[in-house]
Student: 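Questions regarding the structure given below will be posed in turn.
Protein chains get the first letters and strands the later ones, always in sequence-line order, with residue 1 at the start of each. Keep in mind the model is a prediction, meaning the values are calculated, not measured.
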2 protein chains.
Amino acid sequence: MQNSFTEENYLKIIHSLSGRDGAEVSTNALAESTATRAASVTDMLRKLAEKGLINYKKYQGVTLTEQGEKVAIKVIRKHRLWEVFLVEKLGFGWDEVHDIAEELEHIPSEILVEKLDTFLGHPRFDPHGDPIPDAKGNLTEPDYLVLTDVQIGEKVRMMGVLDHAPSFLQHLDRSGITLGSVIELKEVNDYDKSASVQINGGQTLFISLEVSKNLLVQRR
Amino acid sequence: MQNSFTEENYLKIIHSLSGRDGAEVSTNALAESTATRAASVTDMLRKLAEKGLINYKKYQGVTLTEQGEKVAIKVIRKHRLWEVFLVEKLGFGWDEVHDIAEELEHIPSEILVEKLDTFLGHPRFDPHGDPIPDAKGNLTEPDYLVLTDVQIGEKVRMMGVLDHAPSFLQHLDRSGITLGSVIELKEVNDYDKSASVQINGGQTLFISLEVSKNLLVQRR
DNA sequence: ATAAAATTTTAGACTAGCCTAAATTTTATT
DNA sequence: AATAAAATTTAGGCTAGTCTAAAATTTTAT
Ligand SMILES: [Mn+2]
Ligand SMILES: [Mn+2]
Ligand SMILES: [Mn+2]
Ligand SMILES: [Mn+2]
């Protein structure tokens with residue numbers, strides 16, 4: 001049985017909200033993420049449970065079954081591969097590709113995904129630094145840290161973003177911060193936690209806590 | 001107001017069945033092409049007429065309005081560009097791409113289409129020899145002839161196919177006939193109209209009337 | 001421990017797109 | 001021109017996915 005566009009979106013969102021520990025996801029959280037009402041979510045959860053894609057007990061929240069996890073990861077793989085295509089091959093900015101990938105991720109051909117993957121040279125990460133699951137469905141989340149966890153004086157490498165909103169990504173573009181940038185944390189203002197950082201040994205700039213909280217980095 | 005997947009398919013099919021003279025298309029013909037029942041077609045026609053995309057008078061058949069024609073041509077442009085991508089970039093065979101393009105053609109971003117077009121080098125024809133409408137919506141059908149209209153002794157160039165079925169395209173592959181092949185018509189059997197043709201000045205082979213009727217060619 | 005608040009589910013209803021069966025209109029045949 | 005056949009539309013109904021309002025359950029606060 002094929003899964004609908006809508007079902008795939010639910011599974012993907014449950015995967016994302018569930019986090020790496022596979023925690024239960026609430027009806028309200030899903031209503032928020034799907035931009036629907038809680039009542040609609042309940043309807044869909046019953047259907048997904050019926051199909052064996054989620055573990056669902058009334059009032060208890062949901063988790064993905066193994067089968068549901070597999071479906072979710074396939075969709076994520078497609079989403080991220082298409083994003084690489086859009087940025088690397090078509091020349092889109094990293095702030096422009098999410099909505100388009102949101103549609104492309106539901107194109108059903110398995111062989112299409114594999115050929116696309118080959119065409120792109122089997123990329124490991126998407127334009128936002130998110131890891132791309134392999135063809136077998138293995139998804140390993142690298143354990144980056146958030147910039148707020150970095151000590152003053154440390155030099156780290158920018159590896160990804162937590163917020164994928166175009167406005168945030170454009171803000172980073174204007175600041176000259178891209179994937180791979182070396183960020184040296186110069187100082188942190190005690191009052192509002194805004195920080196002064198040096199990018200690639202060059203320009204020093206101030207970033208707000210809001211920005212720091214959304215930057216994933218790696219010690220070198 | 002955005003058009004749905006289903007509405008786009010109706011418009012594309014009406015365009016195709018309407019032919020270059022913009023003839024009226026019957027409810028039954030649409031039911032056949034959409035693999036639905038006539039009653040369902042009627043429902044959809046009322047909706048499309050409501051939206052100003054078709055000219056519809058009960059019992060009279062339909063034609064596209066200017067607006068409907070524009071939408072249809074956009075979908076056709078997307079379909080054919082994606083087919084070029086699948087064949088030229090991903091390495092699919094021309095017999096494998098139709099169903100995938102049938103999905104991709106409904107991805108809505110205008111800018112995506114234009115970037116894809118640029119990436120592909122503004123191709124004029126798709127892998128089946130069908131012309132690709134330009135960004136402004138101009139679609140010029142080249143006037144090829146069908147191989148059955150060719151005289152014995154003539155040398156023509158293979159430019160397209162009328163039947164897009166994978167089985168037919170695979171048959172052509174096995175026969176060594178591809179877009180651009182030079183076909184010399186050696187003889188036509190009076191009894192069943194099967195023909196003997198020489199491909200690219202090399203191998204001579206027999207083709208049935210069924211094949212001849214579906215080959216578009218051009219005098220040189 | 002109970003009451004209030006928050007969350008979740010149920011009930012009932014809507015739209016898009018489809019169906020079958022019956023009625024209507026058009027077209028073809030006598 | 002009248003009738004038979006074919007094509008088309010209407011009537012009524014179904015499912016997926018959504019909604020609002022009301023009921024049920026769980027959680028939080030007193
Ligand atoms: Mn994305
Ligand atoms: Mn991404
Ligand atoms: Mn096609
Ligand atoms: Mn084609």
Student: Give the rounded distance in Å between these two atoms: CE of B:Met44 and C1' of D:dT9.
Tutor: 16 Å
Student: Looking at C:dC19, D:dT18, D:dT8, which one has an atom nearest to any side-chain atom of A:Asp43?
Tutor: D:dT18
Student: Rounded to the Å, how far apart are B:Leu45 CG and C:dC18 C1'?
Tutor: 14 Å
Student: So, is B:Thr42 close to the D:dT8 phosphate, meaning a side-chain N or O under 4.0 Å from OP1 or OP2?
Tutor: no
Student: Can you tell me the distance, in whole Å, between the NZ atom of B:Lys57 and the P atom of C:dT26?
Tutor: 12 Å
Student: Does a donor on one side chain and an acceptor on the other come within less than 3.5 Å for A:His164 and A:Asp95?
Tutor: no
Student: In Watson-Crick or G-U wobble terms, both distances under 3.5 Å, what is the partner of C:dT25?
Tutor: D:dA6
Student: What's B:Thr6 touching, base or sugar-phosphate or nothing? Going by heavy atoms closer than 4.0 Å.
Tutor: sugar-phosphate
Student: Can you tell whether the side chains of A:Lys74 and A:Glu8 come within less than 4.0 Å, N to carboxylate O?
Tutor: no
Student: Evaluate the ring planes of A:Phe119 and B:Phe85, with Trp represented by its six-membered ring, and classify them as parallel (under 30°), tilted (30 to 60°) or perpendicular (over 60°).
Tutor: perpendicular
Student: Identify whether any heavy atom of B:Thr36 sits under 4.0 Å from a base atom; if not, whether one sits that close to sugar-phosphate; answer base, sugar-phosphate or nothing.
Tutor: sugar-phosphate
Student: In terms of side-chain heavy atoms of A:Tyr10, which of D:dT10, C:dT24, D:dT18 is nearest?
Tutor: D:dT18
Student: Of all the nucleotides listed (C:dT10, C:dA21, C:dT8), which has the minimum atom distance to the side chain of A:Arg46?
Tutor: C:dT10
Student: Would you tell me if any nitrogen or oxygen in the side chain of B:Arg37 comes within less than 4.0 Å of OP1 or OP2 on C:dC18?
Tutor: no
Student: Consider the side chain of B:Tyr59, meaning its heavy atoms from C-beta on, and name the nucleotide among C:dT8, D:dA11, C:dT24 that approaches it most closely.
Tutor: C:dT24
Student: Rounded off to whole Å, could you give me the CD-to-P distance for the A:Gln2 and D:dA16 pair?
Tutor: 15 Å
Student: Looking only at side-chain N and O atoms, does B:Asn28 come under 4.0 Å of OP1 or OP2 in D:dA6?
Tutor: no
Student: In terms of side-chain heavy atoms of B:Thr27, which of D:dA21, D:dT8, D:dT18 is nearest?
Tutor: D:dT8
Student: Is B:Ser40 touching bases, backbone alone, or none of the nucleic acid, heavy atoms closer than 4.0 Å?
Tutor: base
Student: Could you state the CD-P distance from B:Glu7 to C:dC18, rounded to the nearest angstrom?
Tutor: 10 Å
Student: Go nucleotide by nucleotide along DNA chain D from the 5' end; which of A:Lys58 and A:Thr34 gets its closest nucleotide reached first?
Tutor: A:Thr34
Student: Please say whether more than 12 non-hydrogen atoms of neighbouring residues, nucleotides or ligands are located less than 6.0 Å from CD in B:Glu110.
Tutor: no
Student: If you measure from OG on A:Ser212 to CG on A:Asp149, what distance do you get to the nearest 0.5 Å?
Tutor: 10.5 Å
Student: Select base, sugar-phosphate, or nothing to describe what B:Tyr56 touches, counting heavy atoms under 4.0 Å on all strands.
Tutor: sugar-phosphate
Student: How long is the line joining CD of B:Glu32 and P of D:dA6, in whole Å?
Tutor: 16 Å
